[in-house]
Amino acid sequence: MSRYNFKSVETKWQNYWEKNKSFKVKTDPSKKKFYCLEMFPYPSGKIHMGHVRNYTIGDVLARYKSLQGYNVLHPMGWDSFGMPAENAAKQNNLDPKKWTETNVLNMRTQLKKLGLSIDWDREISTCNKDYYKHQQAFFLELFEKKLVYRKENYVNWDPIDETVLANEQVIDGKGWRSGAIVERKKLSQWFFNISKFSQELLDGLEKLDSWPNKVKTMQKNWIGKSFGCEIDFKIEGDLPIKNIKCFTTRPDTLFGFSFLALSIDHEVSKFFSNDEDFLRFKNECSKTGTTEEAIAVGDKIGFKTNLEAINPLDPKQKVPVYFANFVLMDYGFGAVFGCPAHDQRDFDFAKKYNLKIKTVVRPIDKDEKFTVSDQAYPGPGIIINSDFLNGLSAPENSILETIKILEKKKLGKKQINFRLKDWGVSRQRYWGCPIPIAYDENGKVYPIPKSMLPVELPENINLNIKGNPLDSQNNWREINIDGKKLFRETDTLDTFVCSSWYYLRFCSPTETKYGFKKEDIDYWMPVDQYIGGVEHAILHLLYSRFFMRALSHDNNNFNILEPFSGLFTQGMVCHETYKDPDNNWVSPDEIENINGKKYLKKNKSKLVSVGPSESMSKSKKNTIDPENIISNYGADSARLFILSDSPPEKDVQWSEEGIISSFKFIQKLWKLNEKVIDEINKNHNTDIDDEIMKYTNKYLKKVHNNLESFSYNKIIANLYEMYSFLNKQIEKAYTKRTLIENYKKILITMTPILPHFANECLSIIKAENLKWPEYDVSMLKEDNINIVIQINGKKRGLVQTMPNISEEKLLEIVKNDEKMNKYFEQKNIKKKIYIKDKLLNIII
RNA sequence: GGGGCGAUGGCGGAAUUGGUAGACGCGUCGGUCUUAGGAACCGAUAGAGCAAUCUGUGAAGGUUCGAGUCCUUUUCGCCCUACCA
């Protein structure tokens, strides 16, 4: 018995695949295609377990589809622009490009060691000018279509990264990467007009049947469509303001109007720019507005103006106008009509400032005297205290009726509002795709002619200066277009732009004229299965969906709206956390297990405390380096374990015991393989083993179903079961003749999961032209089945019998069985429920 | 505050979608072999009980011949989102 040498076998097959370009594919419309894509990595330096999981899941699918005869596009590339390169370069006085290239080299080597079925000839890197020049061309294309524009706007400014962030990149008021509290700053920025497609992006979700509902819901909420009404309020006071527009979803509660609240950035605020009280209030708002506590508590503060707003439905009613901290400038019109009785925020505000609270909706089960007292009533009911609106049923009917009335009186109009904002893409950073725009001395915008692309990033520049390094590159900034002296835009594009179209580039990675070739994307797109982390549910996936619509807009040659027809979001990789007696995090590498207890390796008298399993992170030191795992146990063991313990969409817990048991299992499979080969070589001529054929068929069916439903953890269970069956069955003399054909099929089903091991075994038995083994339905029939016998719904026994047995015969058998008969002898059988070949329930 | 997901042995998780609950793995226990084992192999392992049996899928009801699965109520946990008018 030899030991399975994973090192030599894995190296052998990886070299074989590389040399033979086994996974190289071409556009070939005569073949059915399958585009399997995993989210491409940022080249941070080393792969982590999350990558191992992501790419293993994808590889299982790619290899499976390939065996099924599909022409499988399974590419890999690098999302290589971005802040970490710039920061690392600053710290170590390096060139971001060199840093990135070194990382790419390392990570490519690591990924190859995982044995992925990737067409490496299609590798792309977004920081490469062959890539980003096409991106600049797309930018200009969108610019021509007026889907890109420049405006001065309040932006989210990250003071640590010294850059602007998109709304999506601000989490709990903090920068998504730096964690710094985001400030408000007014800057001129480039925007992609994503909000133009709000409705389409929302509608498109309906057709994405193979997306997780969770992701669709998140996008839907993010787009945030709401139906309501724009109302024009007349204003009285000593300022030159005649009216203020509000957006509301509840115009039907207008008679409950008791104040009008404005955002501190509302245009009306310009009249208060010298008012010290207002400035103090404004300052207060920006303080409370950014702390997490204030958001959670939602303390509402206001600044009363000397203006009054007139209720359009009841001109006699005049209410005060406030500035309030809870009104957002970039939603609706930055102004809210306050109806305290039926909106909790308005209620809180009214209580605080002693404003009138007038109830205008009563719940169905309450009478007309119903009044709101200690909290707002936002629910359904009947309109009351509202003159001509009384009696309408709220909310649906009353809203529609009120809008009709307002429209007739020209006081307002129906409006649909979206939460989705345009995508600010300017970044004040060096390491990104330059924006192909120039300005003259007056700031007039000149797109760089496409013939002058790419706008290359200057190299070897000093990054250790405050602000955007490109600002100080005067030689680079100056440009001459048609004899005019202009200055380049020094902002670069958000790196999410790079990842918004990379899947197109994979279809035509070497095309020079344009970002892709039509015949290539016509064949390969859309991506049939996209696999990645759920953390990109909104950002990357929404941007990509927008980008396809933007390219399709006014373009008859391009009509892809949805880039990813299937989406799968895998869970995270977790590990136990450890702390030493001084409460410092301890890495699993520093721990030794003695008699089931965990001690510090360097000081074995010190016990470590074991914390809950959490997603691997450097800060908690609970990471496991895939490189060590691969060199100690092999890629196949790592692949086997990462798939085995949990369903791919859920978090998985990495453990030492787990990876060891996977490693051992491969050793067992190898021993089984040697036994099988011994038997095959004995050349048996007689006897056919039905059992092994039937078992294999059942196994094939299970594996097939589990592959189709992404239940990869169950495939591993199927493998274990198969092993123990075959390991026993092979001892039986009659097994031998039918062994090889069935064993070959089983080995093929193993190739997606254990590609090195299974291909090695297959090559030993000289199997060639591998195809995915289909199961034979006729072989699934059972000779013997177990029928459950229930008495009054309780399981009382099993009857082993032939299929298709009649109810009478079955009952006969049951009656002759002492164990079961005792439950109903001498009793009347009231009823029998017989589910053929499955169950007999006897009711007494 | 809003939305979503979930709760099954000591642990990770199965259960053909209403029909034998706990597959498979980890862990634990017992055994064989061994100088030894933290190796390999064999066996046991939801709980209670000597047993026959009984009880068991967060809790309480309901539908059904039959419920982990469907319905109602409820508790807890996780994730997302957050003053969206």
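So you know, we letter chains A, B, ... as the sequences are listed, proteins then strands, and number each from 1. These numbers come from a predicted model, not from an experiment.
For the segment residues 337-346 of chain A, the set of residues with a heavy atom within less than 4.0 Å of an atom of RNA chain B comprises A:R345, in numerical order.
In this structure, CG of A:L542 is placed 15 Å from C1' of B:C80, rounded to the nearest angstrom. Going from atom OH of A:Y699 over to atom C1' of B:A23 covers 15 Å, rounded to whole Å. As a whole-Å value, the separation of A:I223 CD1 from B:G2 P is 22 Å.
Annotation: salt bridge (charged side-chain N to carboxylate O under 4.0 Å, His left out) contacts of A:K701 (sequence neighbours excluded): none. Not a single side-chain contact (heavy atoms from CB on, under 4.5 Å) links A:S724 to another residue, sequence neighbours left out. The side-chain contact (heavy atoms from CB on, under 4.5 Å) check on A:P312 picks up A:I231, A:F233, A:L254, A:L411, with sequence neighbours excluded. Remark: A:F725 pairs with A:I692, A:Y695, A:Q729 by the side-chain contact (heavy atoms from CB on, under 4.5 Å) rule, at least two apart or across chains.
In this structure, B:G27 shows a glycosidic angle more than 90 degrees from zero, which is the anti conformation. Anti is the classification of B:U57, since its glycosidic angle lies more than 90° from 0.
Classification of the A:F247-A:Y331 ring pair by plane angle, with boundaries at 30° and 60°, yields perpendicular. Using the six-membered ring where Trp is involved, A:F259 and A:F349 have ring planes that are tilted, between 30° and 60° apart. Between A:F663 and A:F6, the ring-plane angle classifies as perpendicular under the 30° and 60° cut-offs. Between A:Y322 and A:Y353, the angle of the ring planes lies from 30° to 60°, which puts this pair in the tilted group.
The nucleotide whose nearest atom lies closest to any side-chain atom of A:L328 is, among B:C24, B:U20, B:C84, B:C84. Closest approach to the A:R419 side chain among B:C54, B:A23, B:C84 is made by B:C84 (side chain taken as heavy atoms from C-beta onward). Counting only heavy atoms from C-beta on, A:E657 has its side chain closest to B:C26 among B:C54, B:A85, B:C26.
Remark: the backbone N or O of A:D422 is not paired with any side-chain donor or acceptor of A:S195 at under 3.5 angstrom.
With both ends at atom C1', the span from B:G2 to B:G18 equals 34 Å, rounded to whole Å.
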**Complete:** Reading nucleotides 9-15 of chain B from 5' to 3' and marking B where a protein heavy atom lies under 4.0 Å of the base, S where only the sugar-phosphate is that close, and - otherwise, the string is ---SSSS
**Complete:** Per-nucleotide protein contact along nucleotides 36-45 of chain B, 5' to 3', at a 4.0 Å heavy-atom cut-off (B base, S sugar-phosphate only, - neither), is ---SSS----
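Annotation: A:F281 is not in aromatic contact with A:F323 [ring centroid separation under 6.0 Å not met].
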Only distances under 3.5 Å count here; give the side-chain donor-acceptor pairs of residues 792-799 of chain A to other protein atoms, sequence neighbours excluded, each with its distance to 0.1 Å.
unit_1	atom_1	unit_2	atom_2	d
A:N792	OD1	A:I844	N	3.0
A:R796	NH1	A:Y823	OH	3.3

Short N/O separations, protein against nucleotides 65-67 of chain B, under 3.5 angstrom:
unit_1	atom_1	unit_2	atom_2	d
B:C65	O2'	A:N841	ND2	3.3
B:C65	O2	A:N841	ND2	2.4

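Evaluation of the salt bridge (charged side-chain N to carboxylate O under 4.0 Å, His left out) test over residues 221-231 of chain A, restricted to residues two or more places apart or in two chains, returns A:E230-A:K245. Within the structure, the salt bridge (charged side-chain N to carboxylate O under 4.0 Å, His left out) test picks out the following pairs touching residues 637-661 of chain A (sequence neighbours left out): A:D59-A:R639.
Checking A:Y720 against A:G334, the closest nucleotide of RNA chain B that is more toward the 5' end is the one next to A:Y720. For the pair A:A335 and A:N221, both in contact range of RNA chain B, the more 5′-proximal nearest nucleotide belongs to A:N221.
Residue A:K794 is classed as a sugar-phosphate contact, given heavy-atom separations below 4.0 Å to backbone atoms only.
Taking CD1 of A:I642 as the reference point, atom CD1 of A:I753 lies at 13.5 Å (rounded to 0.5 Å).
A stem is defined here as three or more consecutive Watson-Crick or G-U pairs, each with both distances under 3.5 Å; for RNA chain B these stems are B:1-7 with B:75-81, B:10-12 with B:24-26, B:27-32 with B:40-45, B:46-48 with B:53-55, B:58-62 with B:70-74.
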